[in-house]
Amino acid sequence: MNSESNIRTILPISFYRGTDVTDIARKLLGKYLCTRINQKPVTSGVIVETEAYAAQGDKACHASDYNRTDRNDAMFREGGIAYVYLCYGIHNLFNVVTNRSGEPEAVLIRAVEPEEGIEIMKKRREYKEVKPELTAGPGRLTEALGIDRSHYGTNLQSEPVWIEDRGKHISASDIDSSPRIGVSYAGEDAKKPWRFTISGNRWVSR
DNA sequence: ATGTCGATTTGCT
DNA sequence: GCAAATCGACATA
């Protein structure tokens, strides 16, 4: 057995329905976020940066204290679907909803390393060169992969947006944790080390 | 290399 | 009205 195994599996629904959102955020590192939009070829990237959010005891979460709104409704549904929202009126941010219905938790995907469909991603971003700014950042990867609010609430086990395990294993010693970005308004909860990155990866944001 | 600022939907006061 | 799970343009150094 080596790390270059040929497995190529869509993450099963059970993966998303776990009750520990930080554990799922760690396990998403090294998985492949894939899209196929408007019959175009597949675009994909390796997830290299994630953040966990939880309704209970986390003021940084949109569903903090179980407050349900039109925007965060998807977070209250069964795990395994997309929660996409508009940030600062401009950027589409993509989250994976986890846990069971009524227990709003989600993982924000903050950066991917481009894998397939790089020419399409460059075109979507109006880039001539491939560099980290192409996909390093939560608003950047969604533009590169073609994800927007039309994907709100869609399940993640088939087109147009899904996540695959291709046998890449990230060991615990290769995962860094740090405070989440841009949540200073959350007081003490802003200090939670719920941002996870693949150590030393060039495609991590900031 | 670092700093400021505008874009502009959504939710809360 | 104001701030937000951000980014890129532009200024200054």
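In what follows, chains are A, B, ... by sequence order, proteins preceding strands, each numbered from 1.
Going from atom CG of A:Asp65 over to atom P of B:dC12 covers 11 Å, rounded to whole Å. Taking atom CZ on A:Arg206 and atom P on B:dA1, their separation rounds to 16 Å, with Å as the unit. Summarising the geometry, the separation between NZ on A:Lys59 and P on B:dG11 is reported as 18 Å, rounded to the nearest angstrom. What separates OH of A:Tyr88 from P of C:dT6 is a distance of 5 Å, to the nearest Å. We find that CG of A:Leu86 is positioned 16 Å from P of C:dA4, with the value rounded to whole Å.
Remark: A:Asp23 does not engage A:Arg26 in a salt bridge, criterion side-chain N to carboxylate O under 4.0 Å. A salt bridge between A:Asp58 and A:Lys192 is absent, with no side-chain N of the basic residue lying under 4.0 Å from a carboxylate O of the acidic one.
Contacts between residues 89-113 of chain A and DNA chain B, defined by a heavy-atom separation below 4.0 Å, involve A:Gly89, A:Ile90, listed by number. DNA chain C is contacted by no residue of residues 71-78 of chain A, taking any non-hydrogen atom closer than 4.0 Å. Less than 4.0 Å separates DNA chain C from at least one heavy atom of each of the following residues of residues 132-152 of chain A: A:Gly137, A:Pro138, A:Gly139, A:Arg140. For the segment residues 15-28 of chain A, no residue has any heavy atom less than 4.0 angstrom from an atom of DNA chain B.
Other residues, nucleotides and ligands contribute over 12 non-hydrogen atoms within 6.0 Å of the CD atom of A:Glu116.
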Strand DNA chain B as a dot-bracket string - pairs counted if Watson-Crick or G-U with both distances under 3.5 Å, | where the partner lies in another strand: |||||||.||||.
Criterion salt bridge (Lys or Arg N to Asp or Glu O under 4.0 Å) on A:Lys59 and A:Asp65, from CA distance to verdict: CA-CA 8 Å; A:Lys59 295 287 187 220; A:Asp65 296 329; 3.0 Å; yes
Derivation and outcome, salt bridge (Lys or Arg N to Asp or Glu O under 4.0 Å), residues A:Glu164 and A:Lys31: CA-CA 6 Å; A:Glu164 293 182 9; A:Lys31 302 299 189 291; over 6 Å; no
Stepwise side-chain hydrogen bond (donor to acceptor under 3.5 Å, both in side chains) check, A:Arg100 with A:Thr19: CA-CA 8 Å; A:Arg100 308 307 302 259; A:Thr19 56; over 6 Å; no
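Residues A:Glu103 and A:Tyr66 have side chains that bring a donor and an acceptor to within less than 3.5 angstrom of each other. Side chains of A:Asn92 and A:Glu143: no donor on one and acceptor on the other come within 3.5 Å. Under the 3.5 Å distance criterion, with hydrogens and angles disregarded, no donor-acceptor pair is assigned to the side chains of A:Asp174 and A:Ser199. A side-chain donor-acceptor contact under 3.5 Å links A:Thr22 and A:Asp20.
Across every non-hydrogen atom of A:Arg202 and A:Pro132, the tightest pair is NH2-CD, 3.6 Å. In plain terms, the two heavy atoms of A:Pro160 and A:His151 that are nearest each other are CG-CD2, 3.5 Å.
Nearer to the 5' terminus of DNA chain C, by closest-nucleotide assignment, is the contact made by A:Tyr85 (compared with the other of A:Tyr85 and A:Tyr127).
With rounding to the nearest 0.5 angstrom, the CD1 atom of A:Ile120 is 15.5 Å from the CZ atom of A:Arg125. Note that the CD1 atom of A:Ile47 and the CG atom of A:Leu28 stand 5.0 Å from one another [nearest 0.5 Å].
Taking atom C1' on both nucleotides, B:dT10 is separated from C:dG8 by 22 Å, rounded to a whole Å.
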Donor-acceptor contacts under 3.5 Å from residues 48-55 of chain A side chains, at least two apart:
unit_1	atom_1	unit_2	atom_2	d
A:Glu49	OE1	A:Ser205	N	2.7
A:Glu49	OE1	A:Ser205	OG	3.0
A:Glu49	OE2	A:Arg110	NE	2.8
A:Glu49	OE2	A:Arg195	NE	2.9
A:Glu49	OE2	A:Arg195	NH2	3.0
A:Glu49	OE2	A:Ser205	OG	3.0
A:Thr50	OG1	A:Ala25	O	3.0
A:Glu51	OE1	A:Tyr53	OH	2.7
A:Glu51	OE2	A:Ile181	N	2.9

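Contacts of A:Arg125 with the nucleic acid, taken as non-hydrogen atoms under 4.0 Å apart, involve only primed sugar atoms and P, OP1 or OP2.
No side-chain donor-acceptor contact under 3.5 Å links A:Asn155 to the backbone of A:Gly80.
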